[in-house]
Amino acid sequence: MACLAAAALACSAQPVVTAAPAVRVVVVGDSLSTGHGTSPRYAWPALIRTDPRLAGFQVVNAAENGSGYVRPGDTDGTFGSQVDHFVTRDTGVVVFFGSENDLDYDPAVVGAAAFAAITHAEAVAPAAKIIVVGPPSYSTDADQGLLEIRGQLKSAAQGAGAEFVDPIAEGWISDDVEDLIGPDGDHPTVAGQRYLLEHIAAVIEQAAQQPVAEPGRASE
């Protein structure tokens, strides 16, 4: 009996190991993030859910086809309304991605809407890392309107203390358009979605490991 008691005591003394809670990631975006042109299950946010390397992330895909910071999407949502509906206080990372859908609007208006959406996300989820990914260009000679939007988004992100990622400067997709973009000339193929996964997930992983600045976040 004494041996059994000793064994039981030894077992009870073992530390209990619990898994770290998943980091809640909210993706705010347009049809580049919904899987439009392929299938929602192949969209890069969905691929995060099935990638064993990224098991520590719980992804909520708020992206809506046709939407932008200003332009309403297929169900009248914008990037701002996606923040309203999906970003919560326990969100750990918010990724904004896009959008060329804002090309028909004054770039300054787009910039103001972006700043409002980013700062609202920061207010709702003060512990979250905010990542703003600009729109990609499928050409090394990017459209001037796209460059203007890129500039506005960069300024908005920097003004709000968020991280800005520049697909145009980094040459995303433009070196392999034939394989990465589908027949419509706009939406990624399955290979293109995996390409986006590799690029954006790396930024998410890095951001999730960094401390968050104080609310208000704008840097000098």
Side-chain angles (χ1 to χ4, degrees), residues 24-51 54 57-87 91 93-105 107 110 113-114 117-118 121 130-139 142-143 145-147 149-150 152-153 164-168 170-204:
R24 188 174 193 270
V25 179
V26 175
V27 176
V28 175
D30 58 19
S31 57
L32 298 184
S33 301
T34 66
H36 186 77
T38 54
S39 165
R41 72 177 184 274
Y42 295 129
W44 68 264
L47 295 176
I48 289 179
R49 302 188 188 112
T50 60
D51 191 323
L54 303 168
F57 297 98
Q58 176 193 47
V59 178
V60 178
N61 191 358
E64 179 180 329
N65 291 339
S67 65
Y69 287 99
V70 180
R71 180 179 173 179
D74 288 357
T75 57
D76 292 327
T78 63
F79 284 15
S81 66
Q82 290 174 36
V83 171
D84 289 340
H85 296 151
F86 293 97
V87 176
T91 298
V93 179
V94 181
V95 181
F96 293 86
F97 183 22
S99 171
E100 67 175 16
N101 294 324
D102 287 320
L103 278 171
D104 292 336
Y105 297 89
V110 176
I118 296 164
I130 310 295
I131 302 167
V132 179
V133 184
S137 171
Y138 304 153
S139 167
D143 177 86
L146 208 58
L147 293 175
I149 288 176
R150 187 268 305 269
Q152 289 289 334
L153 298 184
F164 182 71
V165 178
D166 189 349
I168 295 176
E170 294 181 12
W172 289 17
I173 297 176
S174 61
D175 60 347
D176 195 9
V177 175
E178 184 174 341
D179 288 335
L180 301 179
I181 299 300
D184 67 359
D186 193 23
H187 295 96
T189 59
V190 173
Q193 290 290 349
R194 292 193 178 280
Y195 178 99
L196 293 177
L197 169 70
E198 294 298 326
H199 284 69
I200 299 178
V203 180
I204 293 173

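Along the sequence shown, the residues carry numbers beginning at 1.
- Between the Glu64 side chain and the Gly77 main chain, a donor and an acceptor come within less than 3.5 Å of each other.
- Under the 3.5 Å distance criterion, the side-chain polar atoms of Asp102 are matched with a main-chain donor or acceptor of Tyr69.
- Annotation: side chain of Thr78 is not in contact with side chain of Val70 (no heavy-atom distance under 4.5 Å).
- A distance of 9.5 Å separates CG of Asp143 from CD of Glu100, quoted to the nearest 0.5 Å.
- Residues Ser33 and Asn61 come closest through the heavy atom pair O-ND2, 2.9 Å.
- Checked by atom type and distance alone, the side chain of Asn101 pairs as donor or acceptor with a backbone atom of Ser67 at under 3.5 Å.
- With contacts defined as side-chain heavy-atom distances shorter than 4.5 Å, the pair Ser137/Leu147 does not qualify.
- Summarising the geometry, atom CD1 belonging to Ile118 is positioned 9.0 Å from atom CZ belonging to Phe164; distances are rounded to the nearest 0.5 Å.
- With a 6.0 Å radius and a threshold of 12 heavy atoms from other residues, nucleotides or ligands, Tyr42 has its OH atom at or below the threshold.
- Annotation: the span from Leu146 atom CG to Ile168 atom CD1 amounts to 4.5 Å, rounded to 0.5 Å.
- Note that CD1 of Ile181 and CD1 of Ile173 are 4.0 Å apart. Values are rounded to the nearest 0.5 Å.
- Taking the side chain as every heavy atom from C-beta outward, Val165 and Glu170 approach each other to under 4.5 Å.
- In this structure, the side chains of Ile200 and Val27 stay at 4.5 Å or more apart for every pair of heavy atoms.
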Practice problem: Take Thr189 and Asp179 through the test side-chain contact (heavy atoms from CB on, under 4.5 Å) and record every step on the way to the result. | Solution: CA-CA 7 Å; Thr189 59; Asp179 288 335; 5.9 Å; no
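- No hydrogens or angles considered: nothing links the side chains of Gln193 and Thr38 as a donor-acceptor pair under 3.5 Å.
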Quiz item: Does the side-chain contact (heavy atoms from CB on, under 4.5 Å) test come out yes or no for Arg71 and Ser99, once each step is laid out?
Solution: CA-CA 9 Å; Arg71 180 179 173 179; Ser99 171; over 6 Å; no
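- When all heavy atoms of Pro188 and Leu196 are compared, the closest pair comes out as CG-CD1, 4.0 Å.
- Between Phe96 and Ala121, the shortest heavy-atom distance links the atoms CZ-CB, 4.2 Å.
- Remark: Asp176 pairs with no residue by the salt bridge (Lys or Arg N to Asp or Glu O under 4.0 Å) rule, at least two apart or across chains.
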Practice problem: Verify side-chain contact (heavy atoms from CB on, under 4.5 Å) between Trp44 and Val95, making sure each step is shown before the conclusion. | Solution: CA-CA 12 Å; Trp44 68 264; Val95 181; 4.2 Å; yes
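- Atom-to-atom distance recorded for Glu178:CD and Tyr138:OH is 15.0 Å, nearest 0.5 angstrom.
- A salt bridge links Arg150 to Asp166: at least one charged side-chain nitrogen sits closer than 4.0 Å to a carboxylate oxygen.
- Here the closest heavy-atom approach between residue His187 and residue Leu32 is recorded as CD2-CD2, 4.4 Å.
- Residues Ala117 and Val83 approach most closely at O-CG2, 4.0 Å, considering heavy atoms.
- Ile48 is not listed as a side-chain neighbour of Val25, based on a closest heavy-atom distance of 4.5 Å or more.
- For the atom pair CZ of Arg49 and CZ of Arg41, the computed distance is 13.5 Å after rounding to the nearest 0.5 Å.
- Across all their heavy atoms, Val26 and Ala62 have their closest contact at CG1-CB, 4.3 Å.
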